Q: 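Take this structure first; my questions come after.
Everything numeric here is computed off the predicted structure, so don't read it as measured data. We're numbering straight along the sequence, starting at 1.
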Amino acid sequence: MQLPAELQQEAQHAFEQIQHAYSDLSHWSAELQSQLSRVTAMSHFVKEALLQDEVLFRTLPDRLALSSRSANYRSELSLLLQSCSTEADGHRVLRQFRNREMVYIAWRDFVGNWSLEESLSHLSALAEAMIFETYQWQYQVCCSEWGTPCNAEGEAQPMLIIGMGKLGGGELNFSSDIDLIFTYPENGETQGARRSIANAQFFTRLGQRIIKALDQQTFDGFCYRVDMRLRPFGESGPLVMSYAALEDYYQEQGRDWERYAMVKARVMGREMYPEYQELRQMLRPFVFRRYIDFSAIQSLRRMKSMISSEVRRRGLGNNIKLGPGGIREVEFIAQVFQLIRGGREPSLRGRGLLETLDAIQSLKLLEAGEVNQLREAYCFLRRQENLLQAMADKQTQTLPEKPAEQQKLAFAMGFEIWQDMLTATEQHMLNVHNVFANLIGEDEEEEETNPIAKHFNELWDMADRAEVVEHILEHDLKVDNPQQKQTIIQQFKADLAKKTLGPRGREVLNRLMPKVFSAIYEHKDAEFGLPRVLHVLHRIVTRTTYLELLDEHPAALTQLVRLCTASPMISEQLGRYPILLDELLDPTHLYNPVPLESYKTELRDYLARIPEEDMEQQMEALRQFKQTCILRIAAADIAGVLPVMKVSDHLTYLAEAIVDAGINQAWQQMAAKYGEPTHIKDRGSKGFAVIGYGKVGGWELGYNSDLDIVFMHDCPVNVYTDGKKEIDGRQFYLRLAQRIIHIFSTRTASGILYEVDTRLRPSGASGLLVSPTDAFDEYQHNDAWTWEHQALVRARMIYGDSALQQAFLGTRNNVLCKHREAGTLKQQVVEMREKMRDHLGGKKSGRFMLKQDAGGITDIEFLAQYLVLQFSHDKPKLTRWSDNVRIFESMMAQGVMEESQAMALTHAYTTLRDEIHHRNLLNLDADVADSKFNAEKAIVVKAWQEWLG
């Protein structure tokens with residue numbers, strides 16, 4: 001066919017460039033010179049290679065005289081590499097060898113004097129020679145540096161390089177990546193060097209050198225883009241694995257797409273075939289199931305959906321590989337039959353596509369006419385792909401848009417005009433797509449009923465493709481900060497690759513994750529929900545039962561997303577203690593916390609299921625009860641069912657119930673060992689009390705509050721226990737208190753119960769851990785500081801019998817009602833407030849510290865304490881309550897404070913508490929912008945000036 005006029009000028013110009021560079025063309029025949037002008041007109045790659053490589057120019061006629069070159073690739077390259085004394089020399093040899101042979105292949109493609117099969121065979125053989133001879137060269141170099149890797153019997157161990165995809169199938173295209181997996185037979189150590197290293201380390205270093213030799217860009221270019229992402233665990237997995245590790249991975253965690261990939265797997269280097277057979281036998285049950293495997297259809301449908309989405313997303317209608325009816329669909333059709341029936345039909349286990357189409361036709365799995373259409377389309381499109389890439393040695397499958405490039409491709413394909421080639425291309429692709437659609441089924445109907453669901457499937461399937469996920473988030477789901485969200489999703493999936501899930505777990509996860517994304521992105525605060533929900537899933541993903549719970553109960557998944565989105569505290573709890581997920585099953589139960597008066601009985605019933613003597617399980621049960629209750633309180637809080645004051649009530653009553661149960665557990669242990677102190681024999685009580693200070697004393701506990709407590713007893717001196725191992729009664733109570741603290745503070749699988757702080761006891765950390773009632777009374781009257789009396793304002797008994805209750809209340813009332821000199825009290829309270837502010841750290845620039853800054857919560861608390869201490873000698877009813885809200889109500893009722901001021905302070909107090917509480921749920925610090933809460937700050941500062949200024 002005559003070169004079109006449009007290309008003749010370009011052919012002439014290219015020929016003149018070569019003539020100018022090499023004046024002597026005498027060794028080129030007239031036929032070859034004619035081909036030279038035609039080929040260089042169509043291929044910039046060939047022209048540039050000839051201009052830059054004189055050796056290639058001189059030797060190409062001799063090369064082209066041979067009908068095949070692939071048989072000598074390895075021997076020629078091996079000789080060249082043996083002569084290399086440095087790594088740089090080797091890299092240069094590899095790149096020159098690759099370019100020279102690629103020019104030969106491109107030339108014959110453009111001239112059209114061989115078949116597609118010959119072209120693909122040469123491309124694949126060249127890549128295999130380059131890979132394997134690089135391995136042989138570098139293996140020797142590495143052995144000289146680190147010794148020879150050997151197994152336990154001292155036998156030298158090779159590294160096998162498995163070619164995947166088109167390389168494995170012997171159908172590599174002109175500018176293809178090469179997908180590889182590295183493996184070796186057995187673990188062991190190197191021998192023959194001064195210092196041995198593990199085989200795994202040796203082969204990892206070897207693998208890195210091979211990749212560098214082939215992939216690194218140098219002055220001479222590069223050989224191949226090496227892709228190692230098909231290996232077990234992808235990019236996050238080890239570069240090289242032993243046979244045993246490879247087998248374990250594919251049996252336990254192998255995914256459907258890895259089955260597809262493994263169909264074409266082939267070891268590089270024919271001498272490795274015997275070594276590879278053992279591994280191939282190990283992997284065959286993973287790839288080819290013994291039965292007819294129709295379960296693959298669902299996975300294939302999902303892959304089809306991903307292909308369609310990729311086409312739409314990137315506008316690939318003119319892409320002859322990924323577009324509808326493109327090369328990928330032909331490959332996919334072949335793999336459908338290989339995976340479904342390959343276990344029963346050996347003829348379907350071939351690696352090559354054309355041989356698989358022959359087997360499909362022989363087995364009558366498709367109509368003969370359909371197979372012929374697929375074969376013709378495949379050959380046409382693959383030849384077109386090779387020519388397209390050989391024009392500039394670029395990896396592309398998109399038909400050109402520039403008229404000049406279109407003309408070149410059409411002519412190379414044997415068409416006089418572009419439109420004729422385009423029509424033929426479209427007809428071939430239409431034929432393929434019709435077979436493809438009939439085989440797998442279209443999913444338009446599903447997409448019409450739920451168009452968004454498709455995006456969530458893609459979001460999971462394509463999680464490791466950054467640009468795809470980002471596109472879906474930004475354009476389809478309209479998400480803010482798509483890049484950030486993409487990173488979170490990609491990292492989550494990469495982390496999962498390191499976990500042992502098993503086939504069942506992965507199957508459930510693949511069903512569940514699109515539902516998870518759907519639930520997250522239905523929520524208005526999805527940006528918060530995404531990382532928190534994925535955090536929980538990451539923690540529970542190896543427990544398939546929990547995944548199934550969420551998959552089978554949509555309401556539970558909805559609750560999980562709702563709670564995690566609202567509170568990182570809850571997501572952390574659920575991640576840490578997955579048993580709490582059971583609570584999500586019943587929303588009516590979840591959003592109804594235990595009634596305040598029922599916490600003790602509920603806990604008693606909860607513990608009754610566990611033998612009393614099993615202290616470890618009793619301690620675990622206390623923690624699980626607390627976590628379950630807190631989850632329900634937080635759920636009700638988030639849903640707006642409970643106001644903040646009620647939340648604190650629930651948390652406080654829960655703490656009291658746990659204190660009660662913890663004391664009972666500790667008492668049983670102590671009594672079993674020592675008996676009981678004799679002074680309580682007829683009392684029906686323990687003679688022991690717990691005084692709650694601060695937040696627990698004021699019914700103001702938060703989700704993460706410590707317990708500030710003081711232990712008391714009323715055991716006289718010279719009382720002993722009545723057990724076989726008798727001890728002093730007061731010693732008994734000391735050990736009891738130590739045991740209680742142990743029960744609360746020990747970290748079990750379910751964490752700790754509460755942080756317990758006992759420093760408010762008489763004489764602080766240096767004082768007795770448990771105070772006798774008389775000693776407590778004497779200390780408070782004679783030795784306590786003013787700040788300790790302030791603390792007493794917010795103290796109440798949270799455990800103890802009536803006798804101890806009376807003793808404590810008597811001490812508290814008497815101390816609080818003492819007459820105090822106003823000026824001195826005011827000075828001491830103000831000094832203590834300033835000291836506390838200094839001690840608790842500096843102010844954040846531009847922020848209002850809700851607790852510690854002037855006008856904050858601590859000012860309100862100090863004001864309440866000051867007023868109680870100042871006026872109770874005259875108005876003893878002010879001592880009745882230990883919580884701030886009711887203290888201000890008492891101030892109003894007793895005429896100490898104007899109603900307007902008391903109400904304003906109460907409003908400021910509850911408002912600031914609400915904000916702290918909200919920030920606690922979000923795991924945020926208790927500070928806000930300086931500009932916030934100005935009205936509340938002003939009220940508090942004004943009251944402070946009035947009373948304490």
Side-chain angles (χ1 to χ4, degrees), residues 539-540 542-543 545-546 549 573-586 589 593-594 598-633 651 653-677 680 684-690 706-707 709 711 713 721-727 729 731-756 758 769-770 798-801:
R539 299 298 295 268
I540 66 167
T542 54
R543 307 185 188 190
T545 309
Y546 287 127
L549 181 155
Q573 285 288 96
L574 289 169
R576 201 173 290 136
Y577 313 116
I579 194 169
L580 296 174
L581 290 170
D582 293 334
E583 292 295 312
L584 304 178
L585 289 174
D586 182 3
H589 184 66
V594 176
S598 303
Y599 277 105
K600 287 184 181 177
T601 53
E602 289 263 349
L603 179 52
R604 215 168 288 134
D605 293 344
Y606 191 85
L607 293 172
R609 300 171 297 173
I610 299 161
E612 286 185 355
E613 65 276 7
D614 191 344
M615 295 314 299
E616 192 174 319
Q617 280 306 307
Q618 288 270 337
M619 286 170 67
E620 196 70 8
L622 279 177
R623 286 151 176 76
Q624 289 175 3
F625 180 80
K626 180 196 173 191
Q627 289 153 7
T628 301
C629 289
I630 283 185
L631 180 66
R632 291 171 66 184
I633 294 166
L651 293 170
Y653 278 81
L654 169 62
E656 288 182 27
I658 289 172
V659 167
D660 184 283
I663 290 171
N664 287 335
Q665 285 185 13
W667 185 272
Q668 285 170 17
Q669 293 176 56
M670 292 298 104
K673 195 169 184 180
Y674 305 114
E676 297 181 350
I680 57 167
S685 69
K686 297 182 173 66
F688 182 75
V690 179
D706 300 348
L707 293 187
I709 54 178
F711 299 117
H713 67 75
T721 59
D722 58 5
K724 287 182 182 177
K725 189 176 180 182
E726 116 181 349
I727 60 170
Q731 183 73 15
F732 175 90
Y733 284 112
L734 171 63
R735 294 187 182 180
L736 174 67
Q738 290 169 333
R739 188 67 200 169
I740 293 165
I741 292 171
H742 171 79
I743 288 171
F744 273 62
S745 305
T746 299
R747 187 169 295 280
T748 71
S750 294
I752 64 168
L753 264 178
Y754 291 97
E755 293 283 357
V756 174
T758 61
L769 185 59
V770 191
I798 61 173
Y799 177 91
D801 60 22

Q: Kindly give the heavy-atom pair with the smallest separation between F688 and V770, and that separation in Å.
A: CE1-CG1, 4.1 Å

Q: Working to the nearest 0.5 angstrom, can you tell me the gap between Q665 CD and I658 CD1?
A: 10.5 Å

Q: Supply the atom-to-atom distance R576 CZ to L574 CG, rounded to the nearest 0.5 angstrom.
A: 10.5 Å

Q: For the residue pair Y733 and H713, categorise the inter-ring angle as parallel (less than 30°), tilted (30 to 60°) or perpendicular (more than 60°).
A: parallel

Q: What pair of heavy atoms forms the shortest contact from I743 to A666, and how long is it?
A: CD1-N, 3.7 Å

Q: So do L603 and L622 actually touch side chain to side chain, heavy atoms under 4.5 Å?
A: yes

Q: Using every non-hydrogen atom in the two residues, find where S750 and R623 come nearest and quote the distance to one decimal.
A: CB-CB, 3.8 Å

Q: Any heavy-atom pair between the side chains of I709 and I798 that's under 4.5 Å?
A: yes

Q: Is there side-chain contact between D801 and I680, with heavy atoms separated by less than 4.5 Å?
A: no

Q: Any side-chain heavy-atom pair from F711 and V690 closer than 4.5 angstrom?
A: yes

Q: To the closest 0.5 Å, what do you measure between CD1 (I741) and CD (E755)?
A: 11.5 Å

Q: Quick one: CD1 on I663 to CZ on R739, what's the gap to the nearest 0.5 Å?
A: 14.0 Å

Q: Tell me whether the count of non-hydrogen atoms from other residues, nucleotides or ligands lying under 6.0 Å of CD in E612 goes above 12.
A: no

Q: With a cut-off of 6.0 Å (strictly less than), are more than 12 heavy atoms of other residues, nucleotides or ligands near NZ of K600?
A: yes

Q: With a 4.5 Å limit on heavy-atom distance, are the side chains of M670 and F732 in contact?
A: yes

Q: Evaluate the side-chain proximity of M619 to T746: yes if any heavy-atom separation is below 4.5 Å, no if none is.
A: yes

Q: Answer yes if the ring centres of F625 and Y606 are under 6.0 angstrom apart, and no otherwise.
A: yes

Q: How far does CD of Q618 sit from CD of Q668, to the nearest 0.5 angstrom?
A: 7.0 Å

Q: Considering only heavy atoms from C-beta outward, does the side chain of V594 approach that of Y653 to under 4.5 Å?
A: no

Q: Is NZ or CZ of K686 both nearer than 6.0 Å to the six-membered ring centre of Y799 and within 45° of the ring axis?
A: no

Q: Could you check if a side-chain atom of T748 sits within less than 4.5 angstrom of a side-chain atom of Q624, using non-hydrogen atoms only?
A: no

Q: Search all heavy atoms of P593 against all heavy atoms of Y599 and return the closest pair with its distance.
A: CB-OH, 4.1 Å

Q: Should we count OH of Y674 as having more than 12 external heavy atoms under 6.0 Å?
A: yes

Q: Once rounded to the nearest 0.5 Å, what's the spacing between atom CG of L549 and atom OG1 of T545?
A: 9.0 Å

Q: Which heavy atom in F744 sits nearest to a heavy atom in I752, and how many Å separate them?
A: O-CB, 3.8 Å

Q: Looking only at non-hydrogen atoms, find the nearest pair between K626 and L753 and report the distance.
A: NZ-O, 2.5 Å

